[in-house]
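Here, residue 1 is the first one in the sequence, and each next residue gets the next number. Quick caveat: nothing in here was measured; it's all calculated off a predicted structure.
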Amino acid sequence: MKNTSINPERVYLLDNLKGLLIFLVVFGHSLELFKDEYFITQVLYAFIYLFHMPAFVFVSGYFSKNLDKARSTAFKSFLMPFILFNIIWNLIAALATWDINQFSFITPGWALWYLMSMFFWRLFLKDLVKIKYILPISFIVGLGAGLFSEFNGILSLSRTLVFFPFFFVGYKTTEDKLFRLKRPSRFFSFAITLLALSFAIFICYSKVFPIEFLYGSDAFESYTVPLWLGVISRLLLYIIGFSFVFVLANTMPSKPTFFSKIGSNTLPIYILHTYLLCIPIAINHFMPYLWIKLAISLLSSITITYLLSRDKTDLYFKKYLNSIINLVLHSESSSTPGAK
């Protein structure tokens with residue numbers, strides 16, 4: 001049954017999904033610099049990366065059903081914030097390393113790839129939906145992208161192609177179809193979760209491919225993975241990613257929860273959390289024990305996610321971001337010959 005309490009216009013199942021997933025984005029990034037030090041952190045990190053971005057992109061596609069609005073807002077909502085925060089991120093990276101070669105306008109810094117991919121997806125979705133058999137084609141393209149070194153981190157080209165099937169299926173999913181996923185027994189969700197965890201353990205133990213392969217950001221040859229193994233592995237990742245869309249829709253509540261408010265204000269969390277995580281990451285560098293590092297990562301991730309999801313944070317973030325973007329666009333229009 002669909003939830004209609006509190007605010008009948010909101011689908012709290014999706015808010016809860018987004019809230020959990022954005023927390024996992026923050027927590028996963030908090031583990032990044034010490035994940036290779038311990039087997040347990042490798043497994044935890046791999047398990048999160050098996051599903052959190054595929055499911056997050058699926059939800060993003062779900063909220064892109066208005067094709068005209070998706071296209072008209074793509075530039076201002078995603079490309080401009082990407083340009084602004086990518087410059088900031090690359091300046092910080094260049095100053096921190098004293099290496100100006102770290103600076104790049106077109107290679108997304110850390111988590112900013114999502115903004116660039118969202119720009120492409122929303123810009124071209126209106127045209128892509130007209131292509132017959134676009135879904136199977138998108139799977140073939142996503143699998144084939146790993147065969148060519150031209151598809152890499154630049155402009156987030158690889159991830160844009162690799163994750164597009166999740167975005168498109170999210171776009172095609174109706175609310176009724178989404179709530180049908182709640183009908184099957186949660187036993188299936190438990191079994192899928194257990195299998196995915198087992199696969200994460202297998203990846204980390206066997207070293208069949210590096211954990212970074214889960215990013216989908218580079219060609220197979222970048223990970224010294226044979227082409228056949230890369231294609232099969234990516235196909236498995238598609239299966240696991242879509243299976244977890246089912247798991248999350250099947251198990252997450254459809255009524256307001258702690259995650260609902262977080263899920264309704266994800267943009268400032270996604271963009272700003274990497275800057276705030278620099279503090280606990282730096283602290284963890286000096287911590288001698290795993291449990292201390294995990295505790296710092298968990299508590300800091302909860303705190304950062306909570307603070308950045310507050311309504312006032314969201315309000316002021318969007319207010320100042322829009323002011324900067326409007327200032328830039330106004331300056332551009334004013335400097336154009338013939339502009340009035």
Identify every side-chain donor-acceptor pair in residues 207-220 under 3.5 Å, counting partners at least two apart or on other chains, and give the distances.
residue : atom : partner : partner atom : Å
Lys207  : NZ   : Gln42   : OE1          : 3.0
Lys207  : NZ   : Cys204  : O            : 3.4
Glu212  : OE2  : Lys35   : NZ           : 3.3
Tyr215  : OH   : Tyr45   : OH           : 2.6
Ser217  : OG   : Tyr223  : OH           : 3.4

Would a hydrophobic clustering, with Ile, Leu, Val, Met, Phe, Trp and Tyr connected at side-chain separations under 4.5 Å, put Ile40 with Tyr289?
no
State, with a plain yes or no, whether a side-chain heavy atom of Phe151 is found less than 4.5 Å away from one of Val162.
no
So do the side chains of Phe244 and Thr193 get within less than 4.5 Å of each other, counting heavy atoms only?
yes
Let me confirm one number: the CE-OG distance from Met252 to Ser189, rounded to the nearest 0.5 Å.
12.0 Å
Could you check, using the six-membered ring where one of them is a Trp, whether Phe166 and Tyr238 have ring centers closer than 6.0 angstrom?
yes
Are Leu227 and Val141 connected in the hydrophobic side-chain network, where two residues link if heavy atoms are under 4.5 Å apart?
yes
To the closest 0.5 Å, what do you measure between OG1 (Thr173) and CZ (Arg180)?
10.5 Å
What is the minimum heavy-atom distance between Asn250 and Leu181, and which atoms define it?
ND2-O, 2.9 Å
Can any side-chain N or O of Lys18 pair as donor or acceptor with the backbone N or O of Ile262 at less than 3.5 Å?
no
Counting heavy atoms not belonging to Lys65, are there more than 12 under 6.0 Å from its NZ?
yes
Rounded distance [0.5 Å steps], CG in Leu197 versus CD1 in Ile201:
4.5 Å
Output, in order, the C-alpha distance, side-chain angles, deciding distance and verdict of side-chain hydrogen bond (donor to acceptor under 3.5 Å, both in side chains) for Lys255 and Asn16.
CA-CA 8 Å; Lys255 60 184 180 180; Asn16 292 329; over 6 Å; no
Minimal heavy-atom distance between Phe242 and Pro165, with the atoms involved, is CZ-O, 3.7 Å
Lys/Arg cation over aromatic Tyr306: Arg310, 6.0 Å, 45° cone
yes
Do Phe163 and Thr160 have side-chain heavy atoms sitting under 4.5 Å apart?
no
CZ of Phe39: more than 12 outside heavy atoms within 6.0 angstrom?
yes
Flag the pair Leu329 / Phe75 as yes when at least one side-chain heavy-atom distance between them is below 4.5 Å, and no otherwise.
yes
Scanning both residues in full, the closest heavy-atom pair of Leu143 with Val231 reads CD2-O, 3.7 Å
Report the distance from atom CG of Leu123 to atom OG1 of Thr73, rounding to the nearest 0.5 Å.
10.0 Å
Under 4.5 Å between any side-chain heavy atoms of Ser156 and Phe82, yes or no?
no
Between Ile48 and Leu24, which heavy-atom pair has the shortest distance, and what is it?
CG2-O, 3.9 Å
State, to 0.1 Å, how close Pro81 and Lys76 come at their nearest heavy-atom pair, and which atoms those are.
CD-O, 3.2 Å
Donor-acceptor contact present, side-chain Ser264 to main-chain Lys261, <3.5 Å:
yes
For Asp36, which residues count as a salt bridge (charged side-chain N to carboxylate O under 4.0 Å, His left out) partner, sequence neighbours excluded?
none
Less than 4.5 Å apart, side chain to side chain, heavy atoms only: is that true for Leu31 and Leu294?
yes
Look at the aromatic rings of Tyr171 and Phe168 and report parallel, tilted or perpendicular, splitting at 30° and 60°.
tilted
Partners passing ring-ring contact (aromatic ring centres under 6.0 Å, His included) against Phe56 (at least two apart in sequence or in another chain)
Tyr114
So, taking the atom named CG in Leu327 and the one named CG in Asn322, what distance separates them when rounded to the nearest 0.5 Å?
12.5 Å
For Phe63, does the CZ atom sit with more than 12 other heavy atoms under 6.0 Å from it, leaving out its own atoms?
yes
Which one of Leu21, Val169, Leu248 satisfies the side-chain contact (heavy atoms from CB on, under 4.5 Å) criterion with Phe58?
Val169
For Phe103 and Leu91, what are the C-alpha separation, side-chain angles and deciding distance, and is it a side-chain contact (heavy atoms from CB on, under 4.5 Å)?
CA-CA 7 Å; Phe103 193 94; Leu91 282 174; 3.8 Å; yes
Compare every heavy atom of Leu125 with every heavy atom of Ser64, then report the nearest pair and how far apart it is.
O-CD2, 3.7 Å
Going only through I, L, V, M, F, W and Y residues with side-chain contacts under 4.5 Å, is there a path from Trp89 to Leu95?
no
Can you tell me if NZ on Lys69 sees more than 12 non-hydrogen neighbours from other groups inside 6.0 Å?
no
Linking I/L/V/M/F/W/Y whenever any side-chain heavy atoms sit under 4.5 Å apart, do Leu195 and Leu50 land together?
no
Joint hydrophobic cluster, Tyr38 plus Leu33, side-chain heavy atoms closer than 4.5 Å:
yes
Check: Thr257 main-chain N/O paired with Ser260 side-chain donor or acceptor under 3.5 Å:
yes
Just wondering, more than 12 heavy atoms not from Leu147 lying within 6.0 Å of its CG?
yes
Is there side-chain contact between Arg122 and Phe119, with heavy atoms separated by less than 4.5 Å?
no
Any side-chain heavy-atom pair of Phe78 and Trp121 under 4.5 Å:
no
Please determine whether side-chain contact (heavy atoms from CB on, under 4.5 Å) holds for the pair Thr305 and Phe27, giving the CA-CA distance in whole Å, both sets of side-chain angles, and the decisive distance to 0.1 Å.
CA-CA 9 Å; Thr305 302; Phe27 184 52; over 6 Å; no
Are the side chain of Asn326 and the backbone N or O of Ser323 linked by a donor-acceptor pair below 3.5 Å?
no
Hydrophobic cluster of Tyr320, others only, ordered by chain and residue number, side-chain cut-off 4.5 Å
Tyr316
Mind listing the side-chain donor-acceptor pairs of residues 267-284 below 3.5 Å, one per line with the distance, residues two or more places apart or on another chain?
residue : atom : partner : partner atom : Å
Tyr270  : OH   : Ala111  : O            : 2.7
His273  : ND1  : Ile269  : O            : 2.8
His273  : ND1  : Tyr270  : O            : 2.9
His273  : NE2  : His29   : ND1          : 2.7
Tyr275  : OH   : Phe85   : O            : 3.1
Asn284  : ND2  : Lys293  : O            : 3.3
Asn284  : ND2  : Ser297  : OG           : 3.1

Apply the test side-chain contact (heavy atoms from CB on, under 4.5 Å) to residues Lys172 and Leu135: give CA-CA distance (whole Å), side-chain angles for both, the deciding distance (0.1 Å), then the verdict.
CA-CA 10 Å; Lys172 294 293 288 185; Leu135 182 57; over 6 Å; no
Suppose we screen for salt bridge (charged side-chain N to carboxylate O under 4.0 Å, His left out). Which residues come up paired with Lys318, at least two apart in sequence or across chains?
Asp314
